[in-house]
Structures are given as structure tokens and as C-alpha cells.
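Because the structure is predicted, anything quoted here is derived from the model rather than measured. Naming: A, B, ... by sequence-line order, numbering from 1 per chain.
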Number of protein chains: 2
Amino acid sequence: MTKDIEPTAAATRAWIGLMRAQQRTLAAIEKDFKAAGLPPLIWYDVLWELVKAEDGRLRPFEIEARTLLAQYNLSRLIDRLEKEGLVRREVFDEDARGCWVVVTEAGRAMRERMWGAYAPSIARHIGAKLSEAEASELAALLSRLSGDAM
Amino acid sequence: MTKDIEPTAAATRAWIGLMRAQQRTLAAIEKDFKAAGLPPLIWYDVLWELVKAEDGRLRPFEIEARTLLAQYNLSRLIDRLEKEGLVRREVFDEDARGCWVVVTEAGRAMRERMWGAYAPSIARHIGAKLSEAEASELAALLSRLSGDAM
DNA sequence: TCAATGTAGATGCAATTGCATATATATTGA
DNA sequence: TCAATATATATGCAATTGCATCTACATTGA
């Protein structure tokens with residue numbers, strides 16, 4: 001009678017596996033980052049979104065959508081990045097409520113430096129454990145969960 | 001020349017996908033939990049390990065290994081669980097440095113209540129998005145990442 | 001047997017997060 | 001045009017986390 005609300009064993013294993021794999025891999029990558037004297041991984045995500053964006057700038061709510069950061073967390077993360085000189089806030093003429101977040105040269109440099117640790121870390125903790133085909137298959141299955149367009 | 005440290009595109013997509021899928025699914029499940037007036041998901045993990053364990057008890061370092069919680073976080077999480085009457089600390093005779101963490105009846109009841117929200121949440125956010133075969137395949141790939149024995 | 005070292009767990013403090021709410025516009029419909 | 005409502009971002013405060021270190025006991029080797 002609980003059939004329709006019990007997840008299948010496979011779904012449960014997938015969920016547990018998702019949590020564990022993410023936690024372990026994230027911990028391993030963050031350890032690499034710390035060993036390299038680098039700031040938290042989330043800084044990379046924000047900097048990278050900005051670097052990819054036109055004119056190296058985005059509105060906070062756009063960063064929010066791309067990174068899944070909560071609004072209040074992003075607001076304070078921008079404070080920290082700004083304090084480090086990696087981004088700066090600029091006025092947004094068309095709407096006085098808003099602002100631009102612009103990546104600075106120092107921010108671009110930091111992103112590159114971070115990638116220098118990130119890339120081998122991904123290679124080591126993901127690439128080395130799966131074949132090309134498996135990594136692709138994994139990415140495809142995960143994107144189904146996020147509801148992304150493929 | 002950077003070939004050996006650049007991750008493949010597939011590995012990178014798998015990593016991004018892993019982060020996103022975990023974050024989104026976790027957020028969705030935690031939202032369900034909050035809607036049901038339940039405590040954080042991590043409480044479930046600890047209670048469940050205790051319920052599964054012989055005599056409903058484990059040493060803190062055992063819980064630590066099973067849940068991937070940091071030692072200092074677990075120590076304080078046990079404080080909170082104890083304050084809520086869900087577990088209690090008992091002396092461990094064979095080593096005066098250690099203690100047992102024992103799940104109480106209230107703790108068992110809470111775990112069951114949590115599962116009442118957790119199960120449909122997993123079914124909805126994982127089970128509904130993948131076929132049985134896909135969920136199994138995903139679980140298998142993820143376990144490769146965690147380095148678990150299959 | 002005891003000094004050195006290792007292990008289990010707790011804790012002070014600073015940084016980060018989550019929650020609720022504030023502030024300052026912008027938009028919309030009567 | 002203005003009150004009501006919605007949107008963009010910030011912030012006070014409490015809870016949680018991370019880091020470093022502490023306490024207490026255990027083990028080991030000279």
C-alpha cells in the first residue's frame with residue numbers, strides 16, 4: 001500500500017551514491033585547492049560565469065541563476081570578492097535597484113590560477129576513475145536529474 | 001603540452017553535472033523536509049546508521065566514517081540530537097576516552113517519521129526522472145567515483 | 001616504568017550560512 | 001496619479017561550519 005511512495009531500491013542507491021560521490025569528490029578537490037593556497041571553489045564558479053559573460057559582467061540575479069547560490073549568500077560573496085579586488089560593483093543605469101558585477105583583471109588572473117589547480121584535480125578525481133564513455137554516460141544521466149536540456 | 005593535466009571534456013561535464021544534480025536534488029529534498037517540519041537531512045543519516053547498528057549504538061568515530069561528517073561537526077551534531085532526546089551518550093568501558101552514542105526510542109520514531117517524507121521525496125526527485133535501468137546505471141557509475149566496492 | 005607519541009572526542013573562536021526582514025526602486029491596475 | 005504589489009539587493013541576527021587546539025586517556029618503545 002506504500003508502493004507508490006516508496007522509491008525503488010535503484011533510485012535510493014542512486015541518491016545515496018550521488019551524495020557520497022559529490023561529497024567525497026568535492027572534499028578531495030577542496031583539499032587540493034587548500035594545498036595550493038587557493039580560495040573556496042565557489043569563487044571559481046562566480047569568476048568563471050563573469051569571464052564567460054559579455055563584457056565580463058553580470059547582474060547579481062544572473063549569477064544567482066547560473067550558480068544556484070542563494071541570493072543572500074551571493075550578496076555577501078560579492079562583498080568578499082570585491083574586498084579582494086577580484087570584482088567590482090558598478091551602477092546599472094536602466095534600473096536603480098540593480099547593479100553590475102564586473103570581473104577585474106585580478107579576477108581574471110585569479111580564475112586562471114584556480115583553473116591551474118582545478119583542471120588536474122578534475123582529471124585526477126573524475127577523469128582517472130572513469131573511461132571517456134563512462135564519463136559521458138554519467139554526465140548524461142546527471143543532466144536528466146537536473147532537468148537540464150541535454 | 002598541458003594534455004596530461006587537462007581533464008577531458010567528458011570528465012568536466014560529469015563533474016559539473018555531479019555538482020548541479022546533487023545541489024538541486026538536495027535542495028528539493030530539503031525543501032520537502034522543511035515543508036513537513038522536519039529537521040535537517042543529516043539527522044536522518046546519523047539516526048539511520050544507529051538504527052542499523054547492533055544494539056542501536058555506535059562510537060562517534062564509527063558514525064564519522066559512515067557519514068563523512070567531520071569530527072568536530074559530528075561532536076556538535078550529537079549534542080543537538082542529545083538535546084532533542086533522540087540519542088544519548090553512554091560510557092564506553094573499554095576505553096575511557098570514548099563513548100557510545102545510543103539511539104533512543106524517540107530517535108527511532110523520528111527516523112521513521114523522517115523516512116515518511118524522505119521516501120516520496122527520493123521517488124519524486126530521482127525515481128520519477130530515471131528508469132530503473134538508468135538509476136542502476138547511475139548508481140554503478142557513482143560508486144566508481146567514490147571508490148566503493150560494488 | 002615512564003617519556004614520547006598516538007587516538008577519541010570536545011571546544012573557543014572566526015567565518016559562513018540560513019532566515020527573516022529591510023531598503024530602494026519599478027510596475028501595474030483602478 | 002497613486003496605492004498596491006512586485007523585484008533587486010542588502011543586512012541583522014541566530015545557527016552551523018571550519019580551523020586550531022585542548023583535554024583526557026591509551027600505546028609503545030627505550
Side-chain angles (χ1 to χ4, degrees), chain A residues 22-24 26-35 37-46 49-50 57-84 86-102, chain B residues 22-24 26-46 49-50 57-84 87-102:
Chain A
Q22 191 268 356
Q23 282 177 260
R24 288 199 192 198
L26 178 60
I29 291 178
E30 287 193 321
K31 198 172 162 189
D32 290 345
F33 266 52
K34 232 169 293 179
L38 292 171
L41 200 47
I42 188 65
W43 289 33
Y44 183 88
D45 296 336
V46 172
E49 292 302 333
L50 289 170
R57 64 186 193 177
L58 289 170
R59 305 284 306 279
F61 74 89
E62 294 174 310
I63 302 175
E64 200 186 316
R66 287 156 160 83
T67 60
L68 306 181
L69 273 162
Q71 182 271 318
Y72 47 83
N73 282 337
L74 175 59
S75 177
R76 290 192 260 228
L77 177 49
I78 295 170
D79 291 345
R80 281 172 240 144
L81 292 170
E82 197 167 30
K83 195 168 304 178
E84 295 297 321
L86 304 177
V87 306
R88 63 172 177 279
R89 279 182 247 240
E90 289 184 1
V91 296
F92 177 65
D93 308 307
E94 296 160 53
D95 185 337
R97 290 169 304 182
C99 63
W100 285 112
V101 179
V102 190
Chain B
Q22 192 267 357
Q23 283 178 268
R24 289 199 192 199
L26 178 60
I29 291 177
E30 287 194 320
K31 197 172 162 191
D32 291 345
F33 265 53
K34 233 169 292 179
L38 292 171
L41 201 47
I42 189 65
W43 289 32
Y44 183 87
D45 296 336
V46 173
E49 292 302 334
L50 289 170
R57 65 187 193 176
L58 289 170
R59 306 283 305 279
F61 73 89
E62 294 174 311
I63 301 175
E64 202 184 315
R66 285 160 215 235
T67 60
L68 307 181
L69 273 161
Q71 184 271 318
Y72 47 83
N73 283 336
L74 175 59
S75 177
R76 289 192 261 227
L77 177 50
I78 295 170
D79 290 345
R80 283 172 239 144
L81 292 170
E82 197 166 32
K83 195 169 304 178
E84 294 297 321
V87 306
R88 63 173 176 277
R89 278 183 248 241
E90 289 184 1
V91 296
F92 177 64
D93 308 307
E94 296 159 52
D95 185 337
R97 291 170 303 184
C99 63
W100 285 113
V101 180
V102 191

Item to check | Qualifying residues under side chain to side chain donor-acceptor pair (under 3.5 Å), relative to B:Arg66, sequence neighbours excluded | outcome: none

Item to check | With sequence neighbours excluded, residues passing side chain to side chain donor-acceptor pair (under 3.5 Å) with B:Arg59 | outcome: none

Item to check | Between CD on residue A:Gln71 and CG on residue A:Leu74, distance to nearest 0.5 Å | outcome: 7.5 Å

Checklist outcome for this item: Residues passing the salt bridge (Lys or Arg N to Asp or Glu O under 4.0 Å) test with A:Arg80, sequence neighbours excluded, are none

Next on the checklist: Restricting to salt bridge (Lys or Arg N to Asp or Glu O under 4.0 Å), what partner residues turn up for B:Glu82, sequence neighbours left out?
Outcome noted: B:Arg89

[X] side chain near [N] phosphate (N/O to OP1/OP2, under 4.0 Å):
X	N	value
A:Lys34	D:dC19	yes
B:Asn73	D:dT16	no
A:Arg80	C:dT16	yes
A:Tyr72	C:dT17	no
B:Arg59	C:dG9	yes

Next on the checklist: Here's a test of your reading of the structure: between A:Glu62 and B:Asp93, which maps to the more 5' nucleotide of DNA chain D?
Outcome noted: A:Glu62

Checklist outcome for this item: Judged by nearest nucleotide, the residue sitting upstream toward the 5' end of DNA chain D, A:Glu30 or A:Phe61, is A:Phe61

Checklist entry - Hey, can you pull the residues of residues 94-102 of chain B with a non-hydrogen atom under 4.0 angstrom from DNA chain C? => result B:Arg97, B:Gly98, B:Cys99

Next on the checklist: Could you check whether the side chain of B:Gln71 and the base of C:dA10 have a donor-acceptor pair of N or O atoms closer than 3.5 Å, going by distance alone?
Outcome noted: yes

Checklist entry - Between the side-chain atoms of A:Arg76 and the base atoms of C:dG18, is any donor-acceptor pair under 3.5 Å? => result yes

Item to check | All pairs passing side-chain hydrogen bond (donor to acceptor under 3.5 Å, both in side chains) where residues 28-39 of chain B contributes a residue, at least two apart | outcome: B:Asp32-B:Ser121, B:Asp32-B:Arg124, B:Asp32-B:His125

